[in-house]
Amino acid sequence: MTGSPLRKRLWQHKAFYLFLLPGVVWFFIFSYVPLYGVQVAFRDFTFSGGITGSPWAGWKYFEQFFSYYQSTDIIRNTIIISLMKLLIGFPMPIILAILLNEVTKVKFKKTVQTLSYLPHFVSWIVVVTLMQRLLTPAGGPVNEILGWFGVEPIQFLNNTTWFYQIIVGSDIWKGIGWSSIIYMAAIAGVDQQLYEAAKIDGAGRFRQIWHVTLPGIRNIAVILFILSTGSLMSAGFEQLLLLNGPATAAIGSVLDVHVINSGLSQGRLSYAAAVGLFQSLIALILIVTVNRIAKKVSDVSLF
Amino acid sequence: MAKKGLKIASILLAATLLSGSLYGCSNNGNSSNGGSSGNGGDGKDKVVTLKVLHNWNGSTGADVDMTPISKVIEEKTGVRVEWEYTKGSEVEKVNQIFTTEELPDIYTGPAWGGELDVIIKAAKEDQLVDLSDKLDKYPNLAKLVAEENVPPALYEKAINAYDGKKYLLLQNQPATDKDGTDWLYGFYVRKDIAEQVGVDPQSVKTKDDLYNLFKKIKDANLKANGLPVIPFGGFHNGWAVGIGNSMFYPTDYLDKGDGTLEHVFFNKAYEDYTLYYRKLISEGLLDNEAFTQTDPIANEKIKQGRVAVLAAHYPAILDASKDYVKANPGSDYVPVGPLERAGAAADRPADLNIQGNNVTVIPKKSKNVDAALKLLDFLASDEGFLLTRYGVEGVHWEMKDGKPAAKQEYFDKFTADTSGKVRKNEGISIGFESIAGRDQMNSLGSGDIWADQERNAAMDNARKILRPNGTAIISAFNPGDVIAKSPQWEMLKPSMDKIGDAWKEAVYAKSDDAAMKIINELRDQINKTGYPDAIQFVNAELKGKEVVKFGMPN
């Protein structure tokens, strides 16, 4: 095989690149090809014109969004909920992975791992239905148990007082096991000699975690954190659609649900596309900014 | 050698993954055609399969592929219908089909609201088959768009709005004064609970009486199935707990006193209405989940005997409570009132908007327009109407004294089946009734021949109580239709669409002030998005015309 060094290298590792190919094709088809549809945000979408044939509308739909009386509330709610999920939810899988790593009984460890992964595979509609059953003040088991301790029945759902706790709590419960897999893998990759050296130096369990495990998974954690900031403008469509209602709308209306409601319920495709594009642009800016900060502070970055 | 084998295996695996994902994509792409392939031709011997979208949330079909009614239709028209039913929001569904161009061969859905707006938009954008030059060949369909058979405002807005072209067929419009359905919307209380709290349902007349009824039920601390009884509830997403609005204002557009109209949202009556419901929620009288629950959850509460007062139409209440009443005789829901109506004289008949409930259209992408028209024309005939409502003559029903009468065998079968599945498996109530032309239930047919005596008696009793002055069908112009034609409507519509949501948010607000803040913020937004000019347009357009002054849910 002749050719440039790059070609040579590509050919040399062809099997690996072939493995990469499905992922590249997937991204191309489902993430890059649909990008041409972004132009809808700048057009007056009509059924007859479709994405490419509808008349141009300029910034009309962006202006409509920013003059919408609840746009700041919606952006604020989205950021607050996402930030809470990020700040409270982000360390949780790391803690779980470290705790699991410290468990020596293999059977117990496997059982906990499996049980913590399971919620990831349960759809939000099932989770929310379960929560409705568990948390209802009319005979729900949670309120029954609280009742044994003399606590009056609490209206957990449809209540602004408990809204954030419910949203963040259920999000952590659903994702903690799944997200911990990557940290488990990272911990498994930490050189065992480091632990042995630490032990010789007199380090106890917590010292080993602090000085060996945590630095060992730091890079992975930083990269996942950078990626998570990209979803800061997206608070979780399914969960919020199902758990938010008129009682909690003041703090629970978020961009994702606003996009779906405007686009599908009201048929304002161009407006919804404009809001969605705005959401994506902010996400991109956030990722680039956090990436730069991470690069400066810890020398770890995505690009 | 082993290394080479591993390499080949890796390449094969990667190739399989890649082809798998690509196959997945291609498969998705084809699936839109898969459901309605059929035998596309129009040959006499060939059966054409047409996909019909029945855009009504929760509608369902038969468990069998071919029902006796479907079979007769296929024999008569050469068309086999493949139904698609909507699960979820109807307006989302209609938006989705036109946006994605995954269109059925025939569409039928609500003749009002956002659903109708999308169909009108599709007609204006030439996405539907123009029927104007075809109607002479299909006389039964011609009747559905004849000016005299369509309410004037709807005719102007949806039927005759395309420079002489005709796209929409209005279905189920009452053919005569005898036809048409009064769904008897109202508040209904469980008879046994009313007795337990010592309230005669007919003594409840005013909004205060209604509040006191709820309060007495709450204070009685009743339990059902070990759980507290909810004083007041409804069905999915709050349907139709809000119908107490007619105690506060007569219709959506009010005369300001100087002959000009304003939307009730800007009126004090709307504030009173909102704060009344806020009080019901804050005091635990109205089910806290009323606006977020699904129908299965609502039905479960009713089946457990946990809801004392329901607001909805009576047939839905009778259906939902059937099992509980069967197990607990004397627990039937009976009408409350009649309740006061804002601004209405004591002897005023109930003003009802009785009109066709379905619009049917044929998308341009329909695979066989002639077959679709043939099917619809047959269903809109007298024979088709009787077939869809009653079943096959001689099998399910027979003529007695010139009127259809149920065969005892099927009457017993249908009555014994509380799920309604037996009836559906014969082909009744699976969607054909939505595309069977004008409503001739009483003029051509003989009413609901399948309803059992108890149900008929309950409906008659409710009618006597709730309609002491009879009914009057609304035929005047609705300002809501006119404002939609104003130049400001594109900007205004999203704000106006928000009224229902804002009302619900205000009802859950922590205080009256917080509730009013929600209402006032939306009022500002509506004003900012062109309401003053739009209402001026409405007033100018309706000058000298008869405008709807009273309306009740139907």
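Quick caveat, the model's predicted, so the values are computed rather than measured. Lettering of chains follows the sequences in order, A, B, ..., and the numbering in each one begins at 1.
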Is it the case that more than 12 heavy atoms not belonging to [X] sit under 6.0 Å from its [atom1] atom?
| X | atom1 | result |
| --- | --- | --- |
| B/Trp239 | CH2 | yes |
| A/Leu277 | CG | yes |
| A/Arg76 | CZ | yes |
| A/Phe16 | CZ | no |

Might you point out which heavy atoms bring [X] and [Y] nearest each other, and give the distance in Å?
| X | Y | value |
| --- | --- | --- |
| A/Phe47 | B/Glu101 | O-OE2, 4.3 Å |
| B/Gln525 | A/Ser67 | OE1-O, 3.7 Å |
| A/Ala138 | B/Arg306 | CB-NH2, 3.3 Å |

Contact origin within [X] toward chain A - heavy atom pairs under 4.5 Å:
| X | value |
| --- | --- |
| B/Glu90 | neither |
| B/Gln304 | neither |
| B/Glu115 | neither |
| B/Asn288 | both |
| B/Gln127 | side chain |
| B/Lys510 | side chain |

### Summary
Taken to the nearest 0.5 Å, the spacing of A/Ser48 OG from B/Lys364 NZ works out to 9.5 Å
### Query
What's the spacing between B/Tyr508 OH and A/Asn159 CG if we round to 0.5 Å?
11.0 Å
### Message
Could you check whether any side-chain heavy atom of B/Asn95 comes within less than 4.5 Å of a side-chain heavy atom of A/Arg268, counting everything from C-beta outward?
### Response
no
Would you mind telling me which of [options] has the largest number of heavy-atom pairs within less than 4.5 Å of chain B?
| options | value |
| --- | --- |
| A/Asn244, A/Thr160, A/Leu242, A/Asn158 | A/Asn158 |
| A/Ala247, A/Pro137, A/Gly245, A/Gly49 | A/Ala247 |
| A/Gln155, A/Gln64, A/Gln132 | A/Gln155 |

### Query
For B/Leu522 and A/Gln70, what are the C-alpha separation, side-chain angles and deciding distance, and is it a side-chain contact (heavy atoms from CB on, under 4.5 Å)?
CA-CA 9 Å; B/Leu522 183 57; A/Gln70 288 187 321; over 6 Å; no
### Message
With a 4.5 angstrom heavy-atom cut-off, is it the side chain or the backbone of A/Tyr68 that approaches chain B, or both, or neither?
### Response
both
### Message
Is A/Phe45 in contact with chain B via its backbone, its side chain, both, or neither, using a 4.5 Å heavy-atom distance?
### Response
both
Largest heavy-atom contact set with chain A, pairs under 4.5 Å, which of [options]:
| options | answer |
| --- | --- |
| B/Lys93, B/Gln96, B/Lys121 | B/Lys121 |
| B/Ala502, B/Pro494, B/Ala509 | B/Pro494 |
| B/Glu521, B/Glu125, B/Lys504 | B/Glu125 |

#### Entry: A/Pro246 and its side-chain contact (heavy atoms from CB on, under 4.5 Å) partner, picked from B/Asp501, B/Thr292, B/Ile281
B/Thr292
